[in-house]
Structure formats: structure tokens, C-alpha cells
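See below for the structure under consideration.
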Amino acid sequence: MQTQNEVKHPSILEKSAMSCVKCAKCVPTCTIYSVNRDETTSPRGYLDLADAYAKGKLLLDKQLKDSIESCFLCTTCVGQCPMNLPIDVVIQRARVDIAKQYGIPLYKKIMFYLLGKRSVLNIVFSMGYYFNPCLFKTDNGLKKMRFKIPKVGDRVIMPLHAKSFLQSYHGLIESQNTNANQKRKVGIYIGCLSNYNYKNVGISLLKILDKLGIDAFIPKKQECCGAPAFFSGDIRNTTKLIKKNLDYLVPLLDDLEALLIPEATCAAMLLHDWSNALAIEHEVYGNDNSPYIKKLAILEKKTYMASKWLHDHTHLKTLLQNATKQNITITYHDPCHARKTLHIYKEPRTLLQNFTLREMKDCNVCCGFGGVTIQSEQYHLAKAVGDKKAVNIEKSGAQIVSAECSACRMQIDDSMARNNVQAIFQHPLELIAQSLAL
């Protein structure tokens with residue numbers, strides 16, 4: 001057990017806590033506080049606990065560990081805070097100390113190892129696809145789904161494929177509509193869930209780019225963005241993946257107009273949390289990450305969420321204006337990493353103009369995914385938040401719920417199945433491709 005004298009004093013913990021004016025603007029909108037009404041798991045409560053721990057007044061015991069790991073990292077508090085305090089980074093920093101003191105659970109070690117071994121993970125998911133009929137049952141109540149949703153007990157799991165997106169599509173994919181005098185080329189960073197489970201997201205993006213006359217380059221050796229490890233406090237595995245990605249991707253950028261990411265979580269990792277992770281590793285282990293910070297600055301200049309780039313840098317809006325209106329009602333969920341971290345929410349709605357949009361109540365409230373720890377060790381919290389989202393989707397009367405995040409998709413599909421909500425989930429890129437009859 002760590003003693004008070006052994007506790008280090010990370011500056012991010014103390015500085016943020018000292019800057020908090022205790023105005024409580026963050027408390028009513030906090031995702032975890034909405035579930036348990038416990039001040040110790042409100043944002044200002046976390047800051048007080050972090051400050052006491054950093055000053056050696058509080059031990060990192062099991063109770064503090066459970067409190068810190070109950071945060072959904074939705075960053076709602078950061079947007080509400082008049083001081084714009086990086087409360088999410090404080091939580092991330094504290095979780096690194098938790099991982100150091102208590103270790104990483106075996107199931108997470110296996111997961112994070114596989115996320116860094118693409119060739120092995122390909123085999124694992126392929127085997128899952130072939131053995132799926134033997135292992136999982138399907139929910140007969142979801143007859144309107146376009147694919148069967150496999151379940152383990154009461155938990156919905158993601159669809160599986162024989163081959164991943166990167167196994168099926170990689171390298172240069174030239175548009176059949178390219179103007180030889182105005183050739184454009186972008187890269188695609190697909191994200192693990194779209195790579196292995198929701199392949200049609202990447203396929204839809206390829207179809208849209210082809211229609212726009214834009215070549216796509218898909219780097220075959222791209223790695224996981226590191227989000228699962230980062231949100232669990234495994235800073236070593238996180239930065240290992242960051243550095244491998246930067247070493248591989250940055251040299252490719254000179255030949256690309258942009259690097260597109262169809263996943264909000266992955267986009268937020270590259271554009272927001274990679275720098276935080278490198279800074280935390282430097283603080284904890286003293287690593288000189290300055291070469292990678294320079295590489296990251298280069299990457300950030302060309303990295304976009306797919307909807308943002310398509311909206312701002314192509315004539316997609318014009319194509320959609322000339323497309324057939326869809327007699328389908330949709331509602332839109334704002335992923336936390338898109339709206340709160342990257343401030344992207346208007347663009348996907350504009351690109352879904354051919355559908356009838358009915359905004360659900362609290363469309364910008366967290367769906368309750370929360371990361372690996374919430375989905376495994378704190379699943380009761382994910383259920384409590386997800387049930388509210390499912391009710392709001394049903395009350396909207398929409399046939400389809402959409403969000404530019406496959407982590408939200410996994411959580412919302414699970415929540416809708418549990419609450420017998422008959423809407424289906426489709427990614428905005430899938431709906432755009434459908435609207436263009438691609």
C-alpha cells in the first residue's frame with residue numbers, strides 16, 4: 001500500500017484544484033452525478049479529491065480508486081467550467097497512478113496487447129465471425145434490424161466479419177470520377193470499431209469520396225489510437241501506440257490533402273488526447289517526448305473528422321441538394337468527443353439534410369459508454385445512463401438514430417435492445433451514401 005510520504009505531487013492535479021472556484025456550474029450537467037447524486041463524484045468533488053491526494057493528505061485506496069473510475073470522461077464539465085479547467089486530464093492523470101498502484105487487470109492486459117498486434121487481432125475477430133453461430137443467440141424482438149444483433153446474456157455485442165476493413169481495403173483506391181486536372185487524395189484512419197465491427201462505415205466513406213472524385217489512400221499499418229488503454233490509465237501502452245502511429249503516418253502526409261477519421265473517439269484522441277498522453281508520460285516517467293510532439297503538430301494540421309472535412313472542403317452539400325429526399329425520420333445523438341471536445345455537431349446534421357430530423361431530448365447528453373472500465377466493472381452505470389438515452393430516442397419517434405461514433409453505437413444498440421426500442425442505428429456516412437444512392 002502506498003504511504004502518504006510516497007505520494008507524488010503531479011502539478012496538473014494541484015493547479016486545476018487550486019483554480020476551481022467551486023461555482024458548481026459543472027455539477028448539474030455531470031453524467032455520473034446525474035446517476036448517483038454523490039458530490040465526491042461530481043467534477044468539483046474530483047478536483048478536491050485529486051488535490052488532497054496530490055498533497056499527500058489522502059491515500060489512493062480502493063474507495064478513491066472506485067470514485068475516480070466512475071467518471072465517464074464525457075468532458076461536459078470542461079465546457080461548463082468558467083475557468084475551462086481540464087478536469088478530464090486530471091482524471092486521466094489520476095488513473096495512471098491507479099494503474100501503477102493496483103496494476104492492469106488481466107482482461108485489459110490481453111485486450112491492450114491485442115490492440116497493439118493487428119495481425120493477431122485479425123485472427124481473433126475472424127475466428128469470432130466463424131464461431132459466432134455456435135456461441136451467441138440473437139434477440140428475436142429486433143425484427144426491424146438490418147442485421148441480427150448477437151447477445152451474450154443480456155448484453156448486445158457488435159457484428160463480426162470474416163475480414164476487417166483494413167484487410168479488405170488498403171493502399172490507394174482511385175476514384176472512378178476523378179478529373180485528371182484536379183486530382184485530390186485523402187487518407188483514411190478507420191478506427192478499430194469501424195475496422196472490425198462496423199465495416200460499412202468505411203465502405204460508405206469510400207463510396208462518398210469516389211462520388212466526389214477524390215482518391216482515397218488507406219495506410220495498411222495504421223494502429224489503434226490507444227483510447228481503450230488511455231482511458232484505463234495504461235499510459236505505457238497508450239504512448240507506444242501513439243509513437244508507432246506517428247512514425248508511420250507522418251511521412252505519408254506530404255502526399256495527402258487530409259487524413260479523415262469517421263470516428264469521434266479516435267478523432268478526439270489524435271487531436272486532443274495524444275498530446276495529453278505524451279505530456280502525462282513525460283511527467284510520470286520523465287521520457288523526452290519532444291520529437292513526437294513535433295510530429296503530432298504536423299499530423300494535427302491535416303487531421304479531420306470525416307463529416308467536418310466533407311462539409312467544409314468538398315461540394316458534397318451540393319450533391320445532396322440534388323439528391324432524392326428520403327422518406328425516413330432520424331434523430332441525432334451528439335457523441336461527447338465530437339460535440340464537447342471537437343465542437344462538431346452542425347456539420348453532420350447539415351449533411352443529413354435529405355432526411356427528416358427530429359431532435360431527441362438531451363441530444364448532447366452522454367450515451368453512457370464511458371470506456372472499458374465502465375462497460376465491464378461499472379456496467380450498472382452504463383445501463384443507468386443508457387436507459388435514459390433509449391427512452392429519449394423512442395420518444396423522438398424517429399426510425400433511425402445516428403451518431404458519428406461507433407462506441408456510442410455499441411452503447412446505444414445495447415440500450416435500445418434492453419428497452420425494446422425499435423429504432424435502428426446508422427452512422428451518418430452510411431446515411432449519406434444511402435441518400436446519394438451509392
Side-chain angles (χ1 to χ4, degrees), residues 165 169-191 194 198-219 249 252-264 266-268 270-271 299-332 334-335 338-339 342-357 359 400 402-406 426-438:
F165 177 81
Y169 304 92
H170 52 264
L172 181 62
I173 300 177
E174 296 186 85
S175 169
Q176 301 303 305
N177 300 299
T178 298
N179 184 327
N181 297 321
Q182 296 179 331
K183 286 184 71 69
R184 304 177 70 184
K185 181 167 64 173
V186 298
I188 296 176
Y189 184 87
I190 191 62
S194 284
Y198 305 110
K199 277 180 67 175
N200 195 48
V201 172
I203 294 170
S204 298
L205 178 54
L206 287 175
K207 289 179 178 179
I208 294 167
L209 291 171
D210 177 60
K211 183 73 173 179
L212 292 168
I214 300 171
D215 296 343
F217 178 75
I218 306 171
L249 294 173
L252 303 174
L253 294 176
D254 286 343
D255 196 38
L256 301 174
E257 184 177 335
L259 183 67
L260 307 187
I261 307 178
E263 298 289 351
C266 299
L270 271 67
L271 294 170
L299 185 77
E300 288 175 341
K301 290 178 181 178
K302 286 196 173 183
T303 300
Y304 298 83
M305 267 188 72
S307 65
K308 173 70 173 175
W309 190 85
L310 290 169
H311 179 277
D312 292 351
H313 299 280
T314 74
H315 62 286
L316 179 57
K317 295 191 295 293
T318 301
L319 290 180
L320 290 168
Q321 287 170 1
N322 297 324
T324 305
K325 297 292 183 181
Q326 303 291 306
N327 189 27
I328 298 173
T329 302
I330 66 169
T331 193
Y332 197 81
D334 289 299
R339 182 159 189 161
L342 301 178
H343 310 294
I344 296 171
Y345 58 98
K346 294 179 181 178
E347 295 85 353
R349 285 174 168 81
T350 298
L351 295 177
L352 293 171
Q353 61 187 274
N354 288 332
F355 298 86
T356 300
L357 176 64
E359 295 285 9
I400 294 173
S402 187
E404 200 169 0
C405 178
S406 290
Q426 284 187 276
H427 191 284
L429 294 177
E430 294 178 297
L431 293 173
I432 293 166
Q434 178 181 325
S435 180
L436 294 173
L438 299 177

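Keep in mind the model is a prediction, meaning the values are calculated, not measured.
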Within-4.5 Å side-chain heavy-atom neighbours: [X] and [Y]:
X      : Y      : value
Leu172 : Lys185 : yes
Ile218 : Ile190 : no
Tyr198 : Glu430 : no
Leu253 : Leu299 : yes
Ile328 : Gln434 : yes

Surrounding [atom1] of [X] (heavy atoms of other residues, nucleotides or ligands, distance under 6.0 Å), is the total greater than 12?
X      : atom1 : value
Lys317 : NZ    : yes
Lys325 : NZ    : yes
Lys302 : NZ    : yes

| Going through the checks in order, is the side-chain contact (heavy atoms from CB on, under 4.5 Å) test met by Phe217 and Leu252? | CA-CA 10 Å; Phe217 178 75; Leu252 303 174; 3.9 Å; yes
| field | No-hydrogen, no-angle side-chain donor-acceptor test under 3.5 Å, Ser406 and Glu263 | value |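 Yes.
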| Quick one: do the Asp210 and Ser175 side chains pair a donor with an acceptor below 3.5 Å? |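 There is such a pair between these side chains.
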Where do [X] and [Y] come nearest, in terms of heavy atoms and distance?
X      : Y      : answer
Leu351 : Leu320 : O-CD1, 3.2 Å
Glu404 : Tyr332 : N-OH, 3.4 Å
Ser402 : Leu352 : OG-CD1, 4.4 Å
Leu429 : Ser204 : O-CB, 3.4 Å
Glu347 : Asp312 : CG-OD1, 4.5 Å
Leu436 : Ala323 : CD2-CB, 4.2 Å

What distance do [X] atom [atom1] and [Y] atom [atom2] have between them, rounded to the nearest 0.5 Å?
X      : Y      : atom1 : atom2 : value
Ile208 : Ile203 : CD1   : CD1   : 12.0 Å
Ile261 : Lys308 : CD1   : NZ    : 14.5 Å
Lys346 : Ser307 : NZ    : OG    : 13.5 Å
Leu271 : Ile344 : CG    : CD1   : 8.0 Å
His311 : Thr314 : NE2   : OG1   : 9.0 Å
Ile432 : Gln426 : CD1   : CD    : 11.5 Å

| task | Could you please spell out the steps behind the side-chain contact (heavy atoms from CB on, under 4.5 Å) verdict for Leu310 and Leu209? | result | CA-CA 9 Å; Leu310 290 169; Leu209 291 171; 4.2 Å; yes
| note | When Leu270, Leu249, Leu260 are each screened for side-chain contact (heavy atoms from CB on, under 4.5 Å) with Thr303, the one that passes is Leu270
| message | Given 3.5 Å as the limit, does a donor-acceptor pair link the side chain of His427 with the main chain of Ser194, or not? | response | no
| query | What do the steps show when you test Tyr169 against Ile188 for side-chain contact (heavy atoms from CB on, under 4.5 Å), and what is the final call? | reply | CA-CA 11 Å; Tyr169 304 92; Ile188 296 176; over 6 Å; no
